[in-house]
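Report on the structure given below.
This is a predicted model, so every value here is computed, not measured. Basis for what follows: all heavy atoms, side chains included, without hydrogens, waters or symmetry-related copies.
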Amino acid sequence: MEGGKPNLPLVYQAVQALYHDPDPAGKERASVWLGELQRSMYAWEISDQLLQLKQDVESCYFAAQTMKMKIQTSFYELPPETHTALRDSLLSHIQNLKDLSPIIVTQLALAIADLALQMASWKGCVQTLIEKYSNDVSSMPFLIEILTVLPEEVHSRSLRIGANRRTEIIEDLAYYSTTVVTLLMTCAEKSGHDEKMLIKVFRCLGSWFNLGVLDNNFMANNQLLMILFQVLQRDETSTNLHEAASDCVCSALYAIENVAVHMPLAMQLFQGVLSLETAYHMAVAREDLDKVLNYCRIFTELCETFLEMTVRTPGLGMGDLRILELLLICAGHPQYEVVEISFNFWYRLGEHLYKMNDPALHRVFKPYIQRLLHSLARHCQLDADHEGVPEDTDDFGEFRMRVSDLVKDVIFLVGSMECFSQLYSTLKEGNPPWEVTEAVLFIMASIAKSIDPENNPTLTEVLEQIVLLPETVHLAVRYTSIELVGEMSEVIDRNPCMLDPVLNFLMKGLREKPLASVAAKAIHNICSVCRDHMAQHFQGLLNIARLLDSFALSTDAAVGLLKGTALVLARLPLEKIAECLNDLCAVQVMALRKLLAQDSSSGKSSDPTVWLDRLAVIFRHTNPIVENGQTHPCQKVIQEIWPVLSETLNAHQNDNRIVERCCRCLRFAVRCVGKGSASLLQPLVTQMVSVYQVYPHSCFLYLGSILVDEYGMEEGCRQGLLDMLQALCMPTFQLLEQPNGLRNHPDTVDDLFRLVTRFVQRSPVTLVNSSIIVHIIQCAIASTTLDHRDANCSVMKFIRDLIHTGVTNDHEDDFEVRKRLIGQVMEQHGQQLVTQLINTCCFCLPPYTLPDVAEVLWEIMVFDRPTFCRWLETALKGLPKETAGGALTVTHKQLTDFHKQVTSAEECKQVCWAIREFTRLYR
């Protein structure tokens, strides 16, 4: 912090401003200043002083939070000899501030827990805390708070204590767990009617269950378990206490997921939960939704825990199918939020049964799934007084989408056709109210695609009936009928005689504002599936496309319609495609021209993205089959459109969003005609490079990668593309070399390495022989630390592919040249690269990136195993062996084992497993 240590009155002033300044700018200034203070070394001393002075809640909360943050992220700043003093100081603060505010107590408890986990010299911290505070009633709440957060923090992502220390702590906590449970039992017995204390006890017990260290024989016979279920059975239990008890039972059930190992405790929990059915019915009778939801959570967790048993031995022992009855009782509750809790279980049950593929088992579970589907259809009903179409985006709309997904996942147990026919017969034989009809059609739409459309008279009959629906039926019924028709595209493809009546039916919907978008989506689906049959209707599609904005369509629906039209266009005879594509693009091109003319006369800037997106979707999906030697039918059209796209790009060159859409449009135009876009290459590259010098939009790098992909194999284009790369690299490196440049511009990193990877794939010798390669490799090594999924993936792929060109003998003439060039690259950068990758794995990257890193290390090793062994050894020697708290991070044996596992690996996945295990020592 500049200007040395700030004085306390100044810190108070800033805290007051943060909480009470009426001016948002004042708050923001205070927040920035306090953030700087928290990152500085002075934060330790100032927090300690603020907590000692105990002036007000705000300053104490800020100090407690700062203390927790410093211990979590900057513990290394303190010399080891100060750790004991810090511990004693924190314990003294929590004792003095215990009555000031619960949130301050929680922050200090977290600070103490995080210190205990990192401070190797504090042995048996649980025992010392219990001995020190358990006899003082007034200290009990904060003692239990510390004992609650301690197990929670063991797996905290903020603390990188490493696997060795974590194992040591878990063993330590397991050793003292019975002492903790006994303390909690005593608290529960003494609490009497002190509800707050009981809530704390249950939260703490749940935390120890979650860590998985409680002895299950000890717990199975423990009074606390009985108290838990008594609380849940009692009608008069308050909402807060009920929730705490429910959370605790759910944690216990989750902890015994491996039931066979925890049999005594599993038996007790199983019986305990089954005993709650009456309490559930009482909560329903009292219309207490909070409690109903809690019971449903418990029942669902029970089913999840005993899923394996239920599937392996249905109806026997703890495969008792009464637990499914509990969930179906919940499914009968009128509020859809209740049944929604159980969705994950039903999905997992379906997945298990699908994998086991045992017809006898399917028959056992079929009636349960049938009853579930019946409940779901009822829950999907709109209110009888609902007006208009169903909403997709509100909570109920999202619930219906989740129902649709679940039905698709479990329908195989009932049989799609059987279910579809039953649903249809309820409509055909009865005369249900509109809301029932709509819900039935909705479920039918969910399963329509999973039915075999071949020679299926029921499906054809359903289609015939739907297209005859009068326009007088409720709007929501018409809406969902249109959705169903869109899902039945396969049936229409098998029965082309239905195409005309279906399209007439959908055209009526397209002309009505509330139905337009769903009708457009259905037409899009039919175009995608029935491309050949739709070719005769192309003129009709073209007419719709010309008048697109006269229909009340959402942006997505309009783009979808154009996609469908383009898919059909690609099936027309080649000689017709150019003219029809021209017609299809004309509307969008005219609109862009009009905007350019308006903008130049008015000096204002209009948004062209709608038209650019529409052109992009047309180019993307117009992919006719063109024989070798034939001119691509789209080539001429794209050449004619280029000037408008070029002008639009120039006019909006400072607007990243619009430039991105321009580049996307050009990308699909280039992809559409491939080598046929050669005449655009020179002007396009010139314009990209010139705009990029002033406005470095990363999408130009991406577009560059598309050009390299298309033209990189052409001898005559390679030098021009290399010049483009060098011209784009200069501003890119300037951008990324700024402070935090890599972190602030992950899209640029991503797109740069996509571009150079394309070069490696298409013309490696051109790239590796160039002067720019050294800078690109240095940039790649620096970028390996970047914790950004796409950017990191692109960087690793570049390095992997680069080395791979020197490994793979593809019998090309230039293999020996490539091998020599990659040898020079590795000689220059190999050690730095391996050291950086090992450090990055241990300290910077999340576990999901490790397979990519493993591939890079594997390629280096395949290229030159003996040298790689030396590089890896040097990298491992440089790693820290101890944590800031004095705990051993890695033993000599662990280092040598890892080195051996990697260097003796015979396939890449062995390297990946080794890295995964090894990096846990630093997490």
Determine, step by step, whether Tyr133 and Ile146 satisfy the side-chain contact (heavy atoms from CB on, under 4.5 Å) criterion, reporting the C-alpha distance in whole Å, the side-chain angles of both residues, the deciding distance to 0.1 Å, and the verdict.
CA-CA 11 Å; Tyr133 298 114; Ile146 297 171; 5.6 Å; no
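- Under the 4.5 Å side-chain criterion, counting only non-hydrogen atoms from C-beta, Ser158 is not in contact with Thr73.
- Residue His374 places its NE2 atom among 12 or fewer non-hydrogen atoms of other residues, nucleotides or ligands, all under 6.0 Å distant.
- How far OG1 of Thr148 is from CG of Leu184: 7.5 Å, rounded to the nearest 0.5 Å.
- Side-chain contact annotation: Ser375 with His379, donor-acceptor N/O pair under 3.5 Å absent.
- Closest heavy-atom contact between Ser47 and Met67: CB-CE, 4.1 Å.
- With contacts defined as side-chain heavy-atom distances shorter than 4.5 Å, the pair Asp194/Leu198 does not qualify.
- Under the 4.0 Å criterion applied to side-chain N and carboxylate O atoms, Arg322 and Asp320 are assigned as salt-bridge partners.
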Using distance only, find each side-chain donor-acceptor pair of residues 115-123 under 3.5 Å and give its atom names and separation, not counting sequence neighbours.
residue : atom : partner : partner atom : Å
Gln118  : NE2  : Ile71   : O            : 2.8
Gln118  : NE2  : Asp114  : O            : 3.3
Trp122  : NE1  : Thr128  : OG1          : 3.3
Lys123  : NZ   : Ala120  : O            : 3.2

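- A tilted orientation is assigned to the rings of Phe399 and Tyr336, their planes being inclined by 30° to 60°.
- The closest side-chain donor-acceptor pair between Asp48 and Ser89 falls under 3.5 angstrom.
- Distance alone, capped at 3.5 Å, places no donor-acceptor pair between the Asp172 side chain and the Glu168 backbone.
- Relative to the six-membered ring of Tyr848, Arg789 meets both conditions, a distance below 6.0 Å and an angle of at most 45° to the axis.
- There is a side-chain donor-acceptor pair under 3.5 Å between Asp136 and Ser139.
- For CZ of Arg166, the number of neighbouring non-hydrogen atoms (other residues, nucleotides, ligands) closer than 6.0 Å is greater than 12.
- Minimum interatomic distance between Leu50 and Cys60 (heavy atoms only, all atoms of both residues): O-SG, 4.1 Å.
- Residues Glu195 and Asn240 have side chains that never bring a donor and an acceptor to within less than 3.5 angstrom of each other.
- A heavy-atom distance below 4.5 Å is found between the side chains of His352 and Glu308.
- Formation of a donor-acceptor pair under 3.5 Å by the Thr310 side chain with backbone atoms of Pro314 is not found in this model.
- Applying the side chain to side chain donor-acceptor pair (under 3.5 Å) definition to pairs two or more places apart or across chains, none involves residues 173-183.
- When all heavy atoms of Cys187 and Ile144 are compared, the closest pair comes out as SG-CD1, 3.6 Å.
- Here the CG atom belonging to Leu110 is positioned 7.0 Å from the OG1 atom belonging to Thr106, to the nearest 0.5 angstrom.
- The list of side chain to side chain donor-acceptor pair (under 3.5 Å) pairs with a residue in residues 196-215, not counting sequence neighbours, reads Asn210-Ser251.
- Taking a 6.0 Å sphere around CE of Met197, one finds it holds more than 12 heavy atoms contributed by other residues, nucleotides or ligands.
- Under a 3.5 Å cut-off, the side chain of Asn221 and the backbone N or O of Asn217 do form a donor-acceptor pair.
- Annotation: salt bridge (charged side-chain N to carboxylate O under 4.0 Å, His left out) contacts involving residues 247-274, sequence neighbours excluded, comprise Asp247-Arg297, Glu257-Arg348.
- No side-chain heavy atom of Thr919 sits under 4.5 Å from any side-chain heavy atom of Pro847.
- The two residues Val311 and Leu361 make their nearest non-hydrogen contact at O-CD2, 3.5 Å.
- Between Tyr295 and Tyr280, the angle of the ring planes goes over 60°, which puts this pair in the perpendicular group of the 30/60° scheme.
- For the pair Leu382 and Pro390, the minimum side-chain heavy-atom distance is below 4.5 Å.
- Surrounding OH of Tyr354 are at most 12 heavy atoms belonging to other residues, nucleotides or ligands under 6.0 Å away.
- Side-chain atoms of Thr393 and Glu398 include no donor-acceptor pair closer than 3.5 Å.
- Residue Phe396 places its CZ atom among more than 12 non-hydrogen atoms of other residues, nucleotides or ligands, all under 6.0 Å distant.
- In this structure, Tyr19 has its ring center at least 6.0 angstrom away from the ring center of Phe62.
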side-chain hydrogen bond (donor to acceptor under 3.5 Å, both in side chains) assessment of Thr66 paired with Lys70:
CA-CA 6 Å; Thr66 302; Lys70 292 297 282 183; over 6 Å; no
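- The CG atom of Asn222 lies 5.0 Å from the CG atom of Leu224; values are rounded to the nearest 0.5 Å.
- Across every non-hydrogen atom of Ser275 and Gln233, the tightest pair is OG-NE2, 2.8 Å.
- In this structure the side chain of Val249 reaches within 4.5 angstrom of the side chain of Leu228, judged on heavy atoms.
- Atom CE of Met267 has 12 or fewer heavy atoms from other residues, nucleotides or ligands within 6.0 Å.
- Within the 4.5 Å cutoff, side-chain heavy atoms of Gln38 are placed close to those of Gln65.
- For the atom pair CG (Leu328) and CD1 (Ile323), the distance works out to 11.0 Å, reported to the nearest 0.5 Å.
- The closest side-chain heavy-atom distance from Glu153 to Gln72 is below 4.5 Å.
- Atoms CZ and CG, on Phe843 and Asp787 in that order, are 15.0 Å from each other to the nearest 0.5 Å.
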Does the side-chain contact (heavy atoms from CB on, under 4.5 Å) test come out yes or no for Phe142 and Asp99, once each step is laid out?
CA-CA 10 Å; Phe142 77 73; Asp99 302 320; over 6 Å; no
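- Checking side-chain atoms of Lys291 against main-chain N and O of Thr237 turns up a donor-acceptor pair under 3.5 Å.
- Remark: side-chain polar atoms of Lys54 are not paired, donor with acceptor, to backbone N or O of Leu97 under 3.5 angstrom.
- Here Glu325 pairs with Tyr368, Arg371 under the side-chain contact (heavy atoms from CB on, under 4.5 Å) rule; sequence neighbours left out.
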Between Thr883 and Arg160, does a side-chain contact (heavy atoms from CB on, under 4.5 Å) hold up when you go through it step by step?
CA-CA 9 Å; Thr883 66; Arg160 301 184 74 98; over 6 Å; no
Quick one, Phe218 with Leu265, criterion side-chain contact (heavy atoms from CB on, under 4.5 Å). Give me CA distance, side-chain angles, the key distance, then yes/no.
CA-CA 9 Å; Phe218 178 74; Leu265 180 55; over 6 Å; no
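- The nearest pair of heavy atoms linking Ile94 to Ala109 is CD1-N, 3.8 Å.
- Both cation-pi conditions hold for Arg400 and Phe442: the charged atom is under 6.0 angstrom from the six-membered ring centre and inside a 45 degree cone around its axis.
- Aromatic rings of Phe270 and Phe306 (six-membered ring for Trp) have centroids within the 6.0 Å cut-off, being under it.
- Every pair tested for side chain to side chain donor-acceptor pair (under 3.5 Å) that includes a residue from residues 262-271 fails, sequence neighbours excluded, so the list is empty.
- Taken to the nearest 0.5 Å, the OH atom of Tyr61 stands 4.5 Å off from the CD atom of Gln107.
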